[in-house]
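What follows is one structure encoded as structure tokens, with my remarks underneath.
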Amino acid sequence: MPYKTIIFEKKEKVVWLSLNRPRIGNTINLEMANELVDACLAIKEDDEVRVVVVTGTGKVFCSGFDIAELRSVAADNLKQMNPASLSSNAVAGLDCPVIAAINGDALGAGLELALSCDIRICSQNAHFGFPETSYGIIPSGGGTQRLPRIVGRGKAAEMIITAEPIDAAEAYRVGLVSRVVPKQKLREESEKIAGKLISRAPIAVRYAKEAVNKGLDMTLPQGLRLEADLSFLLQTTKDRAEGIQAFLEKRKAQFKGE
Amino acid sequence: MNAFETIIYEKKEGIAYITLNRPRALNAVNIRMRDELYEVLPALDDDPQVMIGIIKGAGDKGFSAGADITEFGTAPSQAIARQVRWERDLWGQFMGVSKPLIAAIHGFALGAGIEMAMCCDIRIASDDARFGLPEVGIGMIPTAGGSQTMPRLVWPGMCIANILTGETIGAVEAMRIGLIHRVVKRADLMSAAEGMAKLIMSRGQLAVRYAKQAINRGLDLSLEQGLEVEGELFALLLSTVGAGATTYPRK
């Protein structure tokens, strides 16, 4: 893959996307944001890909976006040229499950990228925060919307308004990450979760993600209808027949994504 | 009173007990059980002698292992399955019960089992309880409301991890993420549930029901609309109490 700022590795059914500007904290510039957009499009078109892992090379996950670049951008164009929103929306738009393997600090647009993933695990050294208000701006890659939907309003407001970072233990306590592991174990742990996701029925996994994420934007009765309709649609898949057959025969199901 | 085959319905001192009673099938929810629950819930809600409901599972092994898979695929078509789902909307009816419901959970609470518990207001579990939504492992998604109720109860981040991996979690982790309210020893499960029931019964009963309604309706509304609902219910409550209605249980 001809990427300059990210590494795109496909290992069987898993794509690893590594932010790769380690000397400048993997900050997201426009080039990196566009490469992430492109990579996510490629992932969507590739039926073999079942899980995506987003991580960073070097010591940090991602310390934010390149604000210097934005100074020359006219306000009208900011929506199309904001690396924070471009990158996080690209990842949030993936319909397969996405794991954030947070190898170090995730700040600003870096945290927003992690919030766009479905499952977040981090190494013990990681810190999380939105420093934006200390620079006179606000999070612009979905942070003000996604953080309260993940950790609740109370903690989100505190983090965003104070701009104070939290450590890995606190992130675990408030539900921002589901697991904290030693740094050298992060890759192995991510592979383990990816392996588990791959063993499940792929269409069901995608529909489950859709039901949870879209359902949270609806009233409960609307969400229940979405869940039911997706479930009736799943009844038409070969994987569902195989899943039940395998359960009744007490063997491991062989899903084909059909 | 008990004309049911798959559940036991009992009443004692203001508490209605619904016991899922297919212990040999780990209390799996079959069509018969769905029909019986559909019948018993409005009876519980309408009965002036009942102030609160406790739902539990019979037998040693658990609360409920979920939907009865042996009945899967028995509907003549998906269109008919869909029609039946909404003709008798059991889960909607569960969430529509105006009185508080407590789930007393031991052992396995999987799939429709934990989903049923998530339709209740309070969940108390014994320390041996295991929770999970394993549906994606058999090519399904939760269909008793779990993909909607769970993210509204626990941190959504945790919820999606659990639903997507289909892994089970223990009682301590379930309490940590907010899925259950209390963990007790197996031997203390029913006394803990009854203690909670008695505490709630000591409050104004209409107030308890209106509070439940305000929270549940409010979560589907904008803050402004939710505050309006709260204000209306408060005014209604005040006028009812003022009119001499007994909102407190008789001593």
Side-chain angles (χ1 to χ4, degrees), chain A residues 97 99 115 118-121 149-152 173-179 193 196-197 199-205 207-213 215-216 218-248 253 255, chain B residues 66-67 69-73 75 77-86 89 91-92 95-96 115 119 133-152 154-167 169 173 176-178 216-217 219-221 223:
Chain A
I99 301 167
L115 295 174
D118 303 302
I119 300 175
R120 282 164 293 281
I121 64 170
R149 283 166 169 81
I150 289 170
V151 301
R173 193 186 69 79
V174 301
L176 181 52
V177 297
S178 45
R179 218 163 297 178
I193 298 172
K196 210 155 277 162
L197 290 166
S199 74
R200 311 305 185 203
I203 306 174
V205 168
Y207 283 13
K209 172 170 170 164
E210 181 176 341
V212 173
N213 289 345
L216 277 175
M218 299 176 175
T219 66
L220 181 60
Q222 290 167 336
L224 291 168
R225 265 201 184 255
L226 172 68
E227 177 191 274
D229 284 347
L230 289 173
S231 134
F232 293 122
L233 195 53
L234 274 173
Q235 289 185 10
T236 65
T237 63
K238 288 182 188 157
D239 281 353
R240 195 257 194 178
E242 161 65 9
I244 290 164
Q245 198 62 33
F247 181 86
L248 295 175
F255 296 120
Chain B
I69 292 181
T70 58
E71 285 180 352
F72 277 23
S77 74
Q78 278 80 42
I80 289 174
R82 183 174 189 269
Q83 190 185 339
V84 170
R85 165 72 174 84
W86 297 112
D89 178 16
W91 311 112
M95 292 176 219
E115 292 176 275
C119 294
L133 289 167
E135 284 84 351
V136 292
I138 54 163
M140 293 283 292
I141 58 172
T143 43
S147 75
Q148 306 305 307
T149 51
M150 194 175 182
R152 285 167 169 81
V154 311
W155 294 316
M158 300 294 130
C159 160
I160 196 154
N162 286 323
I163 292 178
L164 292 185
T165 62
E167 289 208 286
I169 56 172
E173 175 70 356
R176 191 184 76 83
I177 66 174
N216 290 344
R217 282 172 64 192
L219 278 175
D220 271 345
L221 300 171
L223 178 62

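In the text below, chain A, chain B and the rest are named by the order of the sequence lines, each starting its count at 1.
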Flag the pair A:Leu230 / B:Thr143 as yes when at least one side-chain heavy-atom distance between them is below 4.5 Å, and no otherwise. no
B:Phe72 side chain reached by A:Arg240 side chain, heavy atoms, under 4.5 Å: yes
[X] versus chain B, the contacting section by heavy-atom distance below 4.5 Å:
X	result
A:Leu248	side chain
A:Ala208	both
A:Ser199	neither
A:Phe247	side chain
A:Tyr207	both

From A:Ile119 atom CD1 to B:Ile160 atom CD1, the distance as rounded to the nearest 0.5 Å: 7.5 Å
Can you name the nearest heavy-atom pair linking B:Ile141 to A:Ala204, along with the distance? CG2-O, 3.3 Å
Between A:Arg225 and A:Asp229, does at least one N-O distance fall below 4.0 Å, as a salt bridge requires? no
Sort B:Trp86 into side chain, backbone, both or neither according to what part of it lies under 4.5 angstrom from a heavy atom of chain A. side chain
Between B:Leu164 and chain A, with a heavy-atom cut-off of 4.5 Å, which part of the residue counts as in contact: side chain, backbone, both or neither? both
Among [options], single out the residue with the greatest number of heavy-atom pairs under 4.5 Å to chain B.
options	answer
A:Asp118, A:Leu233, A:Val177	A:Asp118
A:Gln222, A:Arg149, A:Arg120	A:Arg149
A:Gly175, A:Pro202, A:Ala246, A:Pro221	A:Gly175
A:Ala253, A:Gly223, A:Pro97	A:Gly223

Most contact-rich option vs chain A, by heavy-atom pairs under 4.5 angstrom, among B:Pro151, B:Gly92, B:Ala79, is B:Pro151
Looking at chain A, which one of B:Met95, B:Glu135, B:Arg85, B:Glu167 has the largest number of heavy-atom pairs inside 4.5 Å, strictly under? B:Glu167
Step-by-step side-chain contact (heavy atoms from CB on, under 4.5 Å) determination, B:Ile163 to A:Val212: CA-CA 9 Å; B:Ile163 292 178; A:Val212 173; 3.8 Å; yes
A:Arg179 and A:Ile193: side-chain contact (heavy atoms from CB on, under 4.5 Å), yes or no, with the steps? CA-CA 11 Å; A:Arg179 218 163 297 178; A:Ile193 298 172; 4.1 Å; yes
Is there a side-chain contact (heavy atoms from CB on, under 4.5 Å) between A:Thr237 and A:Ile203? Walk through the geometry before answering. CA-CA 8 Å; A:Thr237 63; A:Ile203 306 174; 4.0 Å; yes
